[in-house]
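Here is the naming used below: chain letters follow the sequence lines, and residue numbers restart at 1 for every chain. Source: prediction; values computed, not measured.
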Amino acid sequence: MTATNLNETADRVRRRDASPVLRMSETAAANLDGNPADPADDERMIMNMGPAHPSTHGVLRLILELQGETVLRCKPVVGYLHTGMEKTGEQLSFLQGPTNVTRMDYSSPLFNELVFSMAVETLLEIEVPERATWIRMMMCELNRMSSHLLFMATNGMDLGAVGMMIYGWREREEILRFFEKVTGLRMNHNYIRPGGVAADLPDNWQADLTELLDVLPERLDEYDILMSGQPIWRDRLQGVGVLNTAEALALGATGPILRSTGHQWDLRRDEPYLAYDQVDFDVIVGTYGDSYDRYAIRLNEIRESLRIVRQCIETMPKGDYRIQDKKVTPPPRARIDQSMEALIHHFKIFTEGFKVPEGEIYVAVESPRGELGCYLVSDGGAHPYRMHIRGPSFVNLQTVPYLLQGGVIADGVAAVSSVDPIMGEVDR
Amino acid sequence: MIFGLDPLYDDFSAWGTTLILVVAKVLIVFALLMVAVMFMIWFERKQIAMMQNRMGPTVAGPKGLLQTLADGVKLFFKEDLVPENADRKVFKLAPYLALVPAFLTFTIIPLGGNFRDKAGNVKIAGHFTSLQVADPPIGLLFFLAMSGVAVYGVMLAGWASGSKYPLLGAVRASAQMVSYEAALGLAVAAVFLKSGSLSTHDIVAGQWGSGGWSIRDWNVLATGFVPFVIFLIAGTAELNRPPFDLVEAEQELVGGFHTEYSSIRFAMFFLAEFMNVITMSAIMVTLFFGGPSGFLFGPSWLKVILPTFWFMAKLFCFLFAFVWFRGTLPRLRYDQLMDLGWKVLIPLALFWFVMLGAMEVAADNGWNRVAIVPIAIGVLLAGSALLLGANRSARTARERDEVAV
């Protein structure tokens with residue numbers, strides 16, 4: 001029996017079982033064909049996994065239909081963390097926007113700020129200085145590393161390698177320490193703003209970063225020893241939660257999930273933004289579309305990000321870190337004492353906010369989880385008329401019923417972990 | 001004889017002293033085990049913390065040594081909760097079923113004694129006695145029986161909780177512990193074949209060669225290392241320790257069989273688990289590493305203490321190993337665990353047992369012993385080829401069935 005045949009069988013089973021149920025009510029699903037006539041013969045069990053469960057990454061709820069330990073059907077339920085952030089975005093001015101979006105995907109906040117700022121800048125038709133672009137790119141790549149390290153930690157923990165949890169967080173903390181130095185905060189930075197970044201890089205940033213870049217590769221090699229080559233680790237992940245390219249595309253999955261199926265799609269390379277066309281990096285793709293591929297892709301993307309950050313250190317251009325446009329950028333504190341005009345600009349920007357021309361725009365970046373998009377409509381005022389974030393976690397979560405189909409509970413935990421959903425972004 | 005083979009029971013004329021000695025032994029071992037468990041929990045937390053760049057417990061007592069005591073006191077005073085859906089009687093009985101066997105198994109461990117004279121007894125108050133609470137002639141069977149009873153503790157706890165996660169934990173527990181017990185038993189049988197006795201005392205004495213102490217007499221080498229490895233793996237599975245802690249599997253089943261337990265009942269499961277770790281390590285030391293055997297030197301009082309010291313040292317190595325497993329290995333999946341048990345460990349243990357038996361027979365009948373090993377290995381290879389073939393054809397048949405659906 002070849003692997004392809006097996007996959008086709010699995011596909012058929014999946015199509016038969018998974019797809020209708022997801023559009024069905026619980027009562028309708030209970031009356032499906034194949035249900036035993038006598039309910040007492042029914043050995044199936046409905047189990048709630050979450051919203052408070054150690055490995056559902058926050059407040060994801062999975063309704064599992066089990067036969068023994070085998071997952072027959074799965075239905076993810078979201079909304080337990082819904083705080084109406086998109087609606088809140090309509091109340092905040094364009095300058096305040098990043099403080100809001102940064103809290104969505106809390107493990108990669110800079111990407112949210114970036115995509116929002118880029119959308120605003122496109123509507124404003126301004127171009128940020130080169131240094132700001134490079135700082136943004138460098139910070140985002142560092143953020144990609146910290147986010148993937150968080151994945152390494154949680155993935156290890158979900159599979160019972162509890163040591164890995166601490167190691168992943170240890171390395172992530174090193175990066176967050178650098179973030180704190182640059183932005184003042186470990187998370188939710190509000191660092192990337194429309195018009196540039198909030199502050200220039202601190203003195204000696206190269207030294208700090210070089211130190212970080214020297215440590216990380218060794219640690220990643222240690223992960224390889226601890227996990228990648230581990231027979232138990234491989235057994236637990238290989239062939240678990242398999243998705244093929246067609247399915248991934250049909251479900252709108254992006255990021256490591258899409259790439260794990262062998263489909264080469266990375267917005268950084270295919271629709272370059274910032275200065276990604278000027279740096280050298282590889283897009284990591286998998287072959288089998290299983291949990292192990294997704295793990296390996298993320299591990300190697302950390303290495304690619306390291307490469308990009310190195311290039312950023314070398315080529316970091318000189319110049320302004322934000323645009324010198326008085327209507328968008330608040331003046332420096334010293335200028336306010338000297339210039340009446342500066343005082344007025346400062347006052348206007350921070351009370352009323354700057355106005356953005358009427359129009360709508362969709363901008364997307366490659367976040368650690370996939371395509372992170374921002375759809376922004378402006379009616380010409382100082383607040384967005386509508387702000388929508390295409391959260392990759394939310395879209396990727398659609399794959400979960402397919403990934404869990406036919407596996408056992410332990411596989412389900414591994415598969416959900418490999419999707420790496422951040423519930424803050426799912427529920428917004 | 002029913003009390004065991006201890007020379008203490010040979011003479012009942014001074015029954016008063018005998019009784020005091022027995023009670024003293026029981027109390028000492030009980031206290032020793034409780035204290036050992038307390039420090040084992042501390043040691044595990046501290047050790048795992050070191051492996052993970054953490055501090056571990058630091059607040060209660062010096063270096064956090066009293067943390068377990070503090071936790072125990074806390075658990076004592078917590079509300080005793082029985083879920084509404086639970087089968088109340090069984091729910092309350094289960095922790096005892098887990099805890100009591102853990103205690104009882106430890107009574108058959110020889111904790112010390114110089115076995116140079118094959119007796120291994122010490123003289124206390126004019127009575128010769130061995131340094132173990134009980135030495136029943138069926139020692140090893142007793143151990144297997146107790147680990148069999150312990151399964152009920154876990155299984156009934158999960159079943160009686162009236163909740164789904166514990167139920168899954170209970171199903172896993174019964175399957176896992178029952179199937180690994182087979183491998184465990186076969187590994188023990190290899191030792192039994194070598195020592196010719198089920199009494200732990202005799203097994204230790206058998207590992208003490210006539211010329212005194214030597215590593216070559218230890219069963220780990222005498223039985224050819226494989227039974228020890230099988231015992232270690234099966235024992236870890238029997239204990240539900242990582243990487244075989246599927247019964248608890250925090251990330252999958254929240255807490256498995258003890259999800260619904262709180263207060264002192266949870267503490268009892270917790271105690272039982274760590275007590276079992278100590279007991280299993282002690283059993284391994286006894287069966288494969290000569291128990292208290294070791295290098296003896298110095299004055300006569302030192303020669304009394306040293307065997308106990310060696311025993312503790314060996315025990316400690318295993319305790320460390322269990323923590324090490326937990327710090328390093330991811331958890332196996334349920335079907336992988338069953339595969340390992342039924343398709344690898346049990347056939348291998350069975351083969352090894354038969355091979356050791358053949359070698360014994362060869363020794364008795366004066367056959368050529370050198371020929372036995374290659375023949376045996378040939379049989380092993382042929383057997384494993386057959387097994388692999390059977391597995392493969394079974395899988396193909398299953399796939400065909402699935403396609404036909």
Charged N to carboxylate O under 4.0 angstrom, Lys75(A) versus Glu65(A)?
no
Give, as side chain, backbone, both or neither, the part of Arg236(A) having an atom under 4.5 angstrom from any heavy atom of chain B.
both
Given Met152(A), Met145(A), Arg219(A), His148(A), the one that forms side chain to side chain contact (heavy atoms under 4.5 Å, CB included) with Glu171(A)
Arg219(A)
Aromatic contact between Phe316(B) and Phe320(B), with the criterion being ring centroids under 6.0 Å apart: yes or no?
no
Between Pro243(B) and chain A, which part of the residue has a heavy atom less than 4.5 Å away: side chain, backbone, both or neither?
side chain
Got more than 12 heavy atoms from elsewhere within 6.0 Å of CD, Glu180(A)?
yes
I'd like to verify something: which residue of Met49(A), Met227(A), Met164(A), Met165(A) has the highest number of heavy-atom pairs under 4.5 Å with chain B?
Met49(A)
Max heavy-atom pairs within cutoff under 4.5 Å with chain B, candidates Ile409(A), Val408(A), Asp411(A), Leu226(A), goes to Asp411(A)
